[in-house]
Amino acid sequence: MSDAPPPPPASPYSAAPQPMRPEDEKLWATLIHVGGIFFGFIPSLIGYLVMKDRGPFVKGHAATALNFQLTMLIASIVGGILTLVLIGFLIILAVSIAILVLSIIAALAANRGEMYRYPLSIPFIKD
């Protein structure tokens, strides 16, 4: 017999992520879109980084939401700069309304299990 020590236990962090159930994917996709209303691009970024390997539905919605939120961030920055010539206030108002309305529409689509593409969104991340 050999006196070799037993192998170390497998790390729980090296396992492949488990796929989510469809209803969990719909829930997280909905929360990612709603989170964008209150916290900008942060929920979609976290959702994309954490859940992109857990299912194609939640990955697609997180990437779409992240692209939209980044586009709206750029538009807000441009609007902030253009407040010097007063047109920026209208741009910031339009961006705020677009985020509110389109995020609600996207959240409802995600809750129904449908894919949604935001209009006027620059595709930074391919889903």
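- Cluster annotation: L108 is not connected to I105 through the hydrophobic network of ILVMFWY side chains, with a link wherever side-chain heavy atoms come within less than 4.5 Å.
- Contact detail for P43 and G40: the closest heavy-atom pair is CD-O, 3.5 Å.
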Original post:
Going through the checks in order, is the side-chain contact (heavy atoms from CB on, under 4.5 Å) test met by F57 and M115?
Top reply: CA-CA 8 Å; F57 185 77; M115 289 305 295; 3.8 Å; yes

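- Using a distance-only test at 3.5 Å, with no hydrogens or angles considered, no donor-acceptor pair links the side chain of R117 to the main chain of T64.
- Here the CD atom belonging to Q69 is positioned 5.0 Å from the OG atom belonging to S103, to the nearest 0.5 angstrom.
- Annotation: the span from L66 atom CG to I125 atom CD1 amounts to 4.0 Å, rounded to 0.5 Å.
- A donor-acceptor pair under 3.5 Å is absent between the side-chain atoms of N111 and the main chain of A107, judged by distance alone.
- Within the 3.5 Å criterion, the main-chain N or O of Y118 finds no donor-acceptor partner in the side chain of S121.
- Within 6.0 Å of atom CZ in F39, 12 or fewer heavy atoms from other residues, nucleotides or ligands are found, so the atom counts as exposed in its surroundings.
- Within 6.0 Å of the CG atom in L120, the count of heavy atoms belonging to other residues, nucleotides or ligands does not exceed 12.
- A 4.5 Å side-chain heavy-atom check between F89 and L82 finds every atom pair outside the cut-off.
- Once rounded to the nearest 0.5 Å, the distance linking CG of L27 with CZ of R21 reads 10.0 Å.
- Connection of I91 to M72 is established within a shared hydrophobic cluster, with ILVMFWY side chains joined at heavy-atom distances below 4.5 Å, either directly or through further cluster members.
- Shortest non-hydrogen contact noted between P123 and K126 is CB-NZ, 4.0 Å.
- Side-chain contact between V58 and I32 is present, with at least one heavy-atom pair separated by less than 4.5 Å.
- Between atom CD1 of residue I122 and atom OG1 of residue T71 there is a gap of 4.0 Å, rounded to the nearest 0.5 Å.
- Checked by atom type, the side-chain pair H61/Y48 shows no donor-acceptor distance below 3.5 Å.
- Side chain of E114 to main chain of A109: no donor-acceptor pair is present (N/O by atom type, distance under 3.5 Å, no hydrogens or angles).
- Under a hydrophobic clustering in which Ile, Leu, Val, Met, Phe, Trp and Tyr are joined whenever their side-chain heavy atoms come within less than 4.5 Å, directly or via other members, F38 and L100 fall into the same cluster.
- Hydrophobic clustering of Ile, Leu, Val, Met, Phe, Trp and Tyr side chains at less than 4.5 Å, counting indirect connections, unites F68 with I97.
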Original post:
Between V95 and I92, does a side-chain contact (heavy atoms from CB on, under 4.5 Å) hold up when you go through it step by step?
Top reply: CA-CA 5 Å; V95 166; I92 292 173; 5.7 Å; no

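- L49 is connected to F124 through a chain of hydrophobic side-chain contacts under 4.5 Å among Ile, Leu, Val, Met, Phe, Trp and Tyr, so both are in one cluster.
- In this structure, F41 places its CZ atom where only 12 or fewer heavy-atom neighbours from other residues, nucleotides or ligands lie under 6.0 Å away.
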Subject >> Candidate pair R112 and K26, rule side-chain contact (heavy atoms from CB on, under 4.5 Å), full reasoning >> reply: CA-CA 8 Å; R112 289 189 305 264; K26 289 194 299 187; over 6 Å; no

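- Separating the CE atom in M51 from the CD atom in E25 is a distance of 10.0 Å, to the nearest 0.5 Å.
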**OP:** Given side-chain contact (heavy atoms from CB on, under 4.5 Å), test Y116 with L102 step by step and report yes or no.
**Re:** CA-CA 10 Å; Y116 181 78; L102 295 176; 3.6 Å; yes

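- The CD1 atom of I104 sits 12.5 Å away from atom OG1 of T30, with the distance rounded to the nearest 0.5 Å.
- Residues W28 and V50 are not in side-chain contact: their nearest non-hydrogen atoms beyond the backbone lie 4.5 Å or more apart.
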